[in-house]
Amino acid sequence: MDNLKWWQKTLVYQIYPKSFCDSSGDGSGDLNGITEKLDYIRDLGVGAIWLTPVYVSPMVDNGYDIADYRNIAPEYGTMTDMEKLIGEAKKRGIRIVMDLVFNHTSDQHSWFKESRVDHGNCKRDWYIWRDARPDGAPPTNWRGIFGGSAWTFDEATKQYYLHTFAKEQPDLNWENPEVRNVLYEIANFWLDKGVGGFRIDAITYIKKPEEFKDLPADGPDGMSNVHVATANQPGILEFLHEFKREVFAGKDIFTVAEANGVSTEELPQWVGRNGAFDMLLEFSHMDLDMEASSLWCRPVDWKLTKLKKALSNSQRATSENGWYPAFFENHDQPRSVNKFFPYHADQKLVAKVLATVLFTLKGTPFIYEGEELGMTNIKLSSIECYDDIASKGQYEIALQEGFSRQQALEFVWNYSRDNARTPMQWTSEKHAGFTSGEPWLPVNENYDELNAKQELQDEGSVLRYYHRLAKLRQEYDILLIGSYEELLEADEQIFAYRRVLDKNKMIILCNFSGREKACNLTEIEDNGKLLISNYRDAPNLVLRAYEARVYLCEGRNPFEGCSQ
Ligand code: NOJ
């Protein structure tokens, strides 16, 4: 236990500042709003807050397009507000974790503005410029992750620049040592401010392939997802180890990298003793419902065994070396209650099922704002009501693929990143107590019933269930360091596993279906003590619809009861 680092024992809470709490009344969340809510966060048992980007940005991708890495976006506050947040959080035992977006900058960053001036500019090589094909077409047929070509032609210098994401997010050229050095300086600048670590954005894309060539088309636009060409390219780990040496090594912080394209088999090279990072946000359990092309209009059916296999593989891959960041939500995903369960399922029960898994897997639970309330998706009436740049791109792709406007909108309802970005629901007052102004994105209509204030008062709420789980995780070392063994692997209704430490075991049983199912595990029958459940009672070992239970089975000392 004492070998564990602080970030392995705690919970991480992710905040999307624009949607969290607005202290100024301009309709958009801000840093002082977060500071106001620190007690709420502390009471959840959180030891680290991951802040999505708060740097100066034109906000084309809500801050993932950075124009100045060393200053705070005025809409979020000032550097003084940031320092205050770091200090106030620290007083409550919470450390602030910054989001480093180093694959790309904003096209409004001074580096890119210089880079595009002329071919001879000293920043030209800081980005990735290529000639057009003889017919003027982009150098390759790669589709950017938000849709459209991954290349944009720049009239001034008659070349294309590469952007994995939107055209306003040009990719940096990591081959250039000047680029790498300035990025390391920026990370160190934030460490000097006292932050507790970093979430590192889109890091698998920083190394580009040696050769830029067309790939087989995966859609009617004749393009292929840029991800296939640029994710996790040979040589990337050398950059990452340099990054670690220059910034993170030997510091009492943690790093968690977003790692699209890294398989669970590769995890040992990426995390752990000899890895580049402490944790990796990999998506094997989140990508179940999507083809590799990541087109929302091509959803894929999935079965529970697929989810269980993905999670179990990740557990095994990090069992001896490395550490797992458990998560079901973030700012890029729909709400988990609607992603993993049908819309008609009892939302409170299923939110608690996911919470049970989140807290009982081996690893650090990452909670996304509002997940602890069981917040749900929204359905806005037209694409114009959405803010998310990916939603707009995916809507266009669906139309190109021949779907009607209504069908294209339905894909957006299911997958839009705005589902997770609606304002946090604090109270049943106007705009859910998020702002006194007009919220930048509509508040989910269910705020009247589903809000933090109400849930704090209701013993049966999702929020109070989170509190109980957090307490269990503090009480039982078995949840921190016990091994993980999957049970009932082939079962399509129940996700079951065992955590074992010395003589003691915990058995976790979660019914992911709306039908009851008997689950006669003899070890529970023998001496299982129910620690927590999302139903009031547990009369027998038949799990009801969306029922979750955690049992403790304490091993008996063989000499117990014997007289000496
Ligand atoms: C991943 C981030 O999580 C997402 O929100 C962003 O749009 C892209 N990277 C680009 O930075």
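As the structure lists them, so they are numbered: ligands from 1, and atoms in each ligand from 1. Bear in mind that the values here come from a model prediction, so they are computed numbers and not experimental data.
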### Query
What orientation do Tyr69 and Phe102 show, parallel under 30°, tilted 30 to 60°, or perpendicular over 60°?
perpendicular
### Task
Report the relative orientation of the aromatic rings in Phe243 and Phe248; use parallel for angles under 30°, tilted for 30 to 60°, perpendicular for over 60°.
tilted
### Task
May I ask you to list the atoms of ligand 1 that are less than 4.0 angstrom from any heavy atom of Arg417?
4 (C), 5 (O), 6 (C), 7 (O)
#### Entry: Parallel, tilted or perpendicular: ring planes of Phe212 versus Trp142, cut at 30 and 60 degrees
tilted
### Query
How close does the nearest protein non-hydrogen atom get to atom 8 (C) of ligand 1, and which residue and atom is it?
Phe165 CE2, 3.6 Å
### Task
Find all atoms of ligand 1 within a distance of less than 4.0 Å from any non-hydrogen atom belonging to Phe146, and give their numbers and elements.
7 (O)
### Task
Of the side chain and backbone of Gln333, name the one, both, or neither that has a heavy atom under 4.0 Å from an atom of ligand 1.
neither
### Task
Under 4.0 Å from a heavy atom of Glu258: give me the atoms of ligand 1 that qualify, with their elements.
1 (C), 3 (O), 9 (N)
### Task
Mind telling me whether Tyr13 and Tyr40 have parallel, tilted or perpendicular rings, with 30° and 60° as the class edges?
perpendicular
### Task
Pick whichever of Asp61, Asp332, Asp99, Asp201 has a heavy atom sitting closest to atom 9 (N) of ligand 1.
Asp201
### Atom indices of ligand 1, in the order listed, that fall short of 4.0 Å to a heavy atom of His104
10 (C), 11 (O)
### Task
Indicate the ring-plane relationship of Tyr368 and His331, choosing parallel, tilted or perpendicular according to the 30° and 60° boundaries.
tilted
### Task
Verify ring-ring contact (aromatic ring centres under 6.0 Å, His included) between Phe254 and Trp6, making sure each step is shown before the conclusion.
CA-CA 9 Å; Phe254 74 83; Trp6 66 272; 5.7 Å; yes
### Task
May I ask whether His163 places a heavy atom under 4.0 Å from ligand 1?
no
